[in-house]
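To start, the structure under review is shown below, and the notes come after it.
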Amino acid sequence: MQFDFPFIVSAMKEMVKTIPLTLMMAVLPIVFGFLVALGNIIVRIFRIKGLVACSRFYVSFFRSTPAILHIMLIYLGIPPVADQVSSFFHLGWSANEIPVSMFVIMALSLTAGAYLTEIIRSGILAMDTGQVEAAYSIGLTYSQTFRRVILPQALKVSIPNFTNLGIGFLHTTSIAAIVAVPEITGTATIVASDNYAFLEAFIGAAIIYWVLTLILESANGVLERKAARFQGGTL
Amino acid sequence: MEKAFDMNMIGDFVPTLTAYLPVTLYILTLSLLFGFVLGLFLALPRIYNIPIVNQLAKVYISFFRGTPIMVQLFIVFYGIPALTGLIGIDTSKMDPFYAAVATYALSNAAAAAEIIRAGVGSVDKGQTEAAYSIGLSGSQAFRRIVLPQALVQAFPNMGNMVISSLKDTSLAFSIGVMDMSGRGQTLITSSNHSLEVYIALSIVYYAVAVLFEWFFRVAEKRIKKNQTRIVTVFDMNIH
């Protein structure tokens, strides 16, 4: 079989069209996951009884199992439950109407929530206790201290971790190809089997992912420099 | 047609899947070993800033850290027969197991190189200077003084790498490897109980990962124990 260089470019043209869907599947889980993580952090800080153990298990489970299993569990587990609910309340819709990419976003949101909980928690742990004492000494309440002093600084030191997570999730979306979502890898599989040029198609896909990763990495550099400006050095 | 959810099936599937755990662990061990050695060779030109090789290593690391493991699996799986075809050897019937090991080894090498480099960077420069001052050569100083300390520093990150590599092996079934996930796929075809299979798979993967995490926690404590003792002038028996 002859290696077909021009096909890499024509395959990439097809795959570039799916970048928006791919980015959506990477970004939305991080946004939703962030809310999940904040919930977890609040449970941990206020040591809400019963929920702390749940939160620990949730974070440990989702960090220790492969993302493909999260996608499969949600993709296969939610529809029967949703159909039951639908028929019970006579809502008149079925889970078949939900696009597969929605299940992927749901699953990855839970994955992201677990990783983000750990990232934010380590950001908080990295903070100087003097910050909290200083906040108390000028009369801030606990929730004010958390919102205005702890959280912003914890998020700032977590910027590189957020970027790594973003890149990780960009790569994780490739798993969605297994449940036939036409994102970058999914499209690569389709054009590859249509033209019987597998190697070329996946090299094309690799180039796209690589470029997207490099863009994210340089964006991280800009963001870190911007954030460093708020770190008032000399008085 | 998918059959109704049956809780008891999960209990039946767990032992069937665990029987294939050795294959998963075998892929993991081989790819970590090869990956670590290759990673060391990638890290050295980065650390000593050797021209050209350094840039090549940089591009290699950037590529393997910049692309999904799924895509890497397919590139290696289809790439090996294409490459060996050039010299007239047909490897298209090769067991996908080897392609999977090669992919994970190449990918782990990139991760290991970055971890080793960070570890070496964290060793105080005074250590190298002290080694030189007592007459060690450059390579002796690296092998006997810097590297052992760097590996201790890198140990927690290495642990994380092993666990994330374990999770990555769950994708090897996509090129047809018969590991735990691959066995899961055949169980789905034969039983039509896909949700139960995936729940059983999650249980096994979770158990293995938790075991690894516990092992690395204990090992880290033991390694760091010898390290924390601070030697003062009073301990030195100067006469």
Side-chain angles (χ1 to χ4, degrees), chain A residues 1-3 15 22 57 60-81 111 164 167-178 183-186 188-189 192 197-217, chain B residues 2 4-5 59 62-83 85-86 92 107 160 163-175 180-181 184-185 188 193-213:
Chain A
M1 196 170 57
Q2 196 63 42
F3 190 78
M15 288 182 258
T22 307
F57 175 73
S60 148
F61 179 81
F62 277 88
R63 278 166 51 89
S64 302
T65 46
I68 172 143
L69 293 177
H70 310 158
I71 293 175
M72 287 306 186
L73 290 179
I74 295 290
Y75 175 58
L76 298 165
I78 295 282
V81 178
T111 318
N164 281 338
I167 293 170
F169 267 76
L170 171 68
H171 295 169
T172 306
T173 57
S174 67
I175 297 172
I178 294 174
E183 39 69 76
I184 297 174
T185 311
T189 320
F198 292 92
L199 185 55
E200 293 86 341
F202 288 114
I203 288 176
I207 295 171
I208 295 177
Y209 281 114
W210 196 5
V211 170
L212 289 176
T213 305
L214 292 177
I215 292 172
L216 279 175
E217 273 171 3
Chain B
E2 192 86 357
F5 185 77
V59 172
S62 165
F63 177 81
F64 278 94
R65 293 179 64 89
T67 50
I69 194 82
M70 273 274 280
V71 174
Q72 293 168 17
L73 273 170
F74 284 122
I75 289 181
V76 173
F77 180 65
Y78 292 111
I80 291 177
L83 277 178
L86 293 177
S92 56
S107 168
N160 288 337
I163 289 163
S164 78
S165 192
L166 167 75
K167 290 188 280 174
D168 281 344
T169 57
S170 68
L171 293 173
F173 80 89
S174 59
I175 56 168
M180 213 159 54
S181 298
Q185 296 299 312
I188 290 169
H193 280 273
S194 42
L195 184 57
E196 291 86 337
V197 171
Y198 283 115
I199 293 175
L201 268 178
S202 322
I203 293 171
V204 182
Y205 273 109
Y206 185 50
V208 176
V210 167
L211 219 64
F212 273 160
E213 275 158 25

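Every chain is numbered from 1, with letters handed out A, B, ... down the list of sequences. Quick note: numbers below take in every heavy atom, side chains included, and nothing from hydrogens, waters or symmetry partners.
The candidate with the highest count of non-hydrogen atom pairs below 4.5 Å against chain A, out of B/Leu166, B/Leu171, B/Ile199, B/Val204, is B/Leu171. When each of A/Glu217, A/Arg63, A/His70 is scored by its heavy-atom pairs under 4.5 Å with chain B, the top score falls to A/Arg63.
Both the backbone and the side chain of B/Leu201 come within less than 4.5 Å of a heavy atom of chain A. For A/Ile68, the part lying under 4.5 angstrom from a heavy atom of chain B is the side chain only. Proximity to chain B (any heavy atom under 4.5 Å) is restricted, for A/Leu214, to the side chain, taken from C-beta onward. For A/Thr189, no part lies near chain B; criterion is any non-hydrogen pair under 4.5 Å. Heavy-atom distances place both the backbone and the side chain of B/Ser62 under 4.5 Å from chain A. Contacts of A/Thr185 with chain B are made by side-chain atoms alone, with heavy-atom separations under 4.5 Å and no backbone atom involved.
Within the 4.5 Å cutoff, side-chain heavy atoms of A/His171 are placed close to those of A/Thr213.
Of all the heavy atoms in A/Ile175 and A/Ala67, the pair that sits closest is CD1-CB, 4.2 Å. Closest approach of B/Tyr206 and A/Ser64 over heavy atoms only: CD1-CB, 3.7 Å. Here the shortest heavy-atom pairing between A/Ala176 and A/Glu183 reads CB-CG, 4.2 Å.
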Distance-only donor-acceptor pairs under 3.5 Å for side chains of residues 66-80 of chain B, two or more places apart:
unit_1  : atom_1 : unit_2  : atom_2 : d
B/Thr67 : OG1    : B/Phe63 : O      : 2.9
B/Thr67 : OG1    : B/Gln72 : NE2    : 3.0
B/Gln72 : NE2    : B/Phe64 : O      : 2.9
B/Gln72 : NE2    : B/Thr67 : O      : 3.0

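Between A/Leu212 and the options A/Ile207, A/Ile184, A/Ile167, a side chain to side chain contact (heavy atoms under 4.5 Å, CB included) holds for only A/Ile184.
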